[in-house]
2 protein chains.
Amino acid sequence: MTAGPPAGPLGVRAATLPPVAPRPTLRDVATAAGVHPATASRALNEATRSLVRPATVERVREVATALGYQVNPIARSLKTSRSETVGVLVPDLTNPLFPPIVRGIEDALGVSGYTVLTVNTDNDPGRAASNFAALQARQVDGFIVATARLDDPLMREAAERGVPMVLVNRLTEHLDVSAVAGDDATGIARTVDHLVGLGHRDIGHVAGPLNVSTGAVRLRAFRTAMQHHGLADDRVVVAEAYSDSAGRTAALELLSGTAPTAIVAGNDLLAIGCYDALEERGLCCPDDVSVVGFNDMPFISRLRPPLTSVRVPQYELGVESARLLLDVLSGRTVIPRVVLLPVQLVVRGSTAPPRR
Amino acid sequence: MTAGPPAGPLGVRAATLPPVAPRPTLRDVATAAGVHPATASRALNEATRSLVRPATVERVREVATALGYQVNPIARSLKTSRSETVGVLVPDLTNPLFPPIVRGIEDALGVSGYTVLTVNTDNDPGRAASNFAALQARQVDGFIVATARLDDPLMREAAERGVPMVLVNRLTEHLDVSAVAGDDATGIARTVDHLVGLGHRDIGHVAGPLNVSTGAVRLRAFRTAMQHHGLADDRVVVAEAYSDSAGRTAALELLSGTAPTAIVAGNDLLAIGCYDALEERGLCCPDDVSVVGFNDMPFISRLRPPLTSVRVPQYELGVESARLLLDVLSGRTVIPRVVLLPVQLVVRGSTAPPRR
DNA sequence: GCAATCCTTGCAAACGACTGCATGCTCGGG
DNA sequence: CCCGAGCATGCAGTCGTTTGCAAGGATTGC
């Protein structure tokens, strides 16, 4: 398809050096409008427009649109050392949790004229560091970080150096920056309530990695909730990573010996791993073992069986983090704040009363 | 968490104006090395290094690393009018098809030092145009476009102006640019073969939008394959969009009257919509109606029932498109080429012999 | 009618790196 | 011993904008 002959009007390939009219510059606009470039700059610039006589502003703007002038962001950045760009660090864009967050960020920052540079760290601190440096070299105005570890030297140092940044989804200890996350503790508490309400007493937890806040917070919340119900809180296995395969491994360990009647998974991917492990052990969900996930990823309701999960407003997480960053960038916010967005337990087919 | 007291060593908030050491500049390196900035530039630049005496090169580079010098890409871009950045246009990042493609692009371009700017168009030509312009203003060196329509004035004009670009996933007619896509026609042919082999004769098609190549090509391939088997090729409904809800609507229309025994969906999201429609009609997949998807999106095998689908190597699509763009940017490629990556039918539980 | 003031605009110096040209040096051949 | 070639380096302008400073004109108040 379309690999046909050249499409140029003269039958000549237009590819190599087309007579591309060079983009008009501020100087062009200025001379065309009969003013000095400085005046044109001020006229075109929202903040300095008031310094120029309205009639002149009008003339300059007309000429600018007539010529199709667009400011050269590169030149502007060089001068102002701001780039109207923010960097976003995510572990892995192909993890279904993150696309909605990133879209929220892009949408919210886009209306303010910011562009987003997203990079994947694959949970590798080294890659995170080099990506971080690369983005800084590109003069990004700030960061939204979804890769923070509980104790994260990179983030800590950056925060201390005053780099504008906001954490999203994952929090960090002892760090004086704004952050947005779901209310994990409440989500887990509701989950345990739900399972106990169904009659479960023997509940296990496949925890996420404890070096990130989601893993640690959810584990702590699990223990607290179980204790609150007077139940044993030690049926816990920590998964190596937030992946289905790590979830499977952890769940297999949890299922050795007598299986719990319900498993609270650290997130949806781990829950999928639990499904795999149950199947391998010849157990059926929810008849033998109930499973609950976390995050309510897109399409997770389509699983077999449909996964009960804690809905985290991922898009809104992104939007809110963008707002917080804009606050920081505008210099308005002095006091960092941590925003926990409400979550909601969505009950589906993967939880049922225990048979025993 | 972490909203505690200021963390500065003196108990003073370090947020506002930290003693941030200004990033060293080329001039700093030059003076520290006792050479002219021009020499330092040449020493640090791969292409011009040969112009400088090796000993000087060595000295400059040592000083540079000692000072932690990093070139300022903004300044470089201003001078060279290249940005080492490429723009990627996708319809919607939260469509699970695209994250793997984008990651492939980022990974492949990253090793060549390029940064990726991804924007979402939501299938809106207006947004596509404005995003395209914005990216051009940011001096991106080229584009990878996953949003192309079959007849796309924006892309056509850009191509004629010689803007370096590559299409991915979706192709365009009469356009003289390189492109990468899955081998849709073969995938559909294998799908129909599979269904016919199971004994199906009455097969319907929920086609994707016909203004994009995937919809049109797959529809044409469906008709061809059906004719090839001597079967009726007119059980076709075109969906409004590639979404589960549009798939549901289209499938409901297809199911009015006597239902076909199998449905070939234009992609996996449409297949999910078919599941919904079947459920609404009280029909069971695969017992009453078999369903086949396309793309083999992540986690699609986890559906209920597991979806038979045509696996498209999404990540590799991204990687290959990045390679093609690098070729164009390096000036090597003169002749555009269309690369069709092989696809593979993955048979799962959503297809079975017809009961009738 | 004049000085003080304000408003509008122009001038020129940046921002940081690249690059064509010029210069100074070393070296070799005649 | 001198000249030309060639190599290594320096000089200075440039990319397109922004912005502090200053100048000129118009306006105001007395």
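All values reported here derive from a predicted model rather than from experimental measurement. Below, chains carry the letters A, B, ... as their sequence lines are ordered, and counting in each starts from 1.
Of the charged side-chain nitrogens involved, at least one lies within less than 4.0 Å of a carboxylate oxygen, so that B/Arg161 and B/Glu157 count as a salt-bridged pair. A salt bridge does not link A/Arg103 with A/Glu106: none of the charged nitrogens is closer than 4.0 Å to a carboxylate oxygen. Residues B/Arg323 and B/Glu320 are paired through a salt bridge, judged by an N-O separation under 4.0 Å between the basic side chain and the carboxylate. A salt bridge between A/Asp152 and A/Arg170 is absent, with no side-chain N of the basic residue lying under 4.0 Å from a carboxylate O of the acidic one.
Side-chain atoms of A/Ser321 come within 3.5 Å of backbone N or O of A/Leu317 as a donor-acceptor pair. For A/Asn45 (side chain) and A/Arg42 (main-chain N/O), no donor-acceptor pair under 3.5 Å exists by modelled atom type.
Looking at heavy atoms from C-beta onward, B/Val71 lies out of side-chain contact with B/Leu26 at the 4.5 angstrom threshold. Using a 4.5 Å heavy-atom cutoff, the side chains of B/Val163 and B/Gln136 are in contact. With a 4.5 Å cut-off on side-chain heavy atoms, A/Asn120 and A/Val90 count as touching.
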Query raised in the report: Along nucleotides 14-19 of chain C, 5' to 3', which nucleotides get a B, which get an S, and which get a -, given that the test is a protein heavy-atom distance under 4.0 Å?
Result: BBBSBB
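In the helix from C/dG1-D/dC30 to C/dG30-D/dC1, the rotation axis of the first five pairs and that of the last five pairs differ in direction by 50°, rounded to 10 degrees.
Each of A/Val119, A/Thr147, A/Asp122, A/Leu89 was evaluated against A/Arg127; a single residue qualifies, A/Asp122, per the side-chain contact (heavy atoms from CB on, under 4.5 Å) test.
With a heavy-atom cut-off of 4.0 Å to chain A, the contacted part of DNA chain D has its first and last nucleotide at D/dG16 to D/dG20.
B/Thr56 comes within contact range of the sugar-phosphate backbone alone, with a heavy-atom separation under 4.0 Å but no base atom that close.
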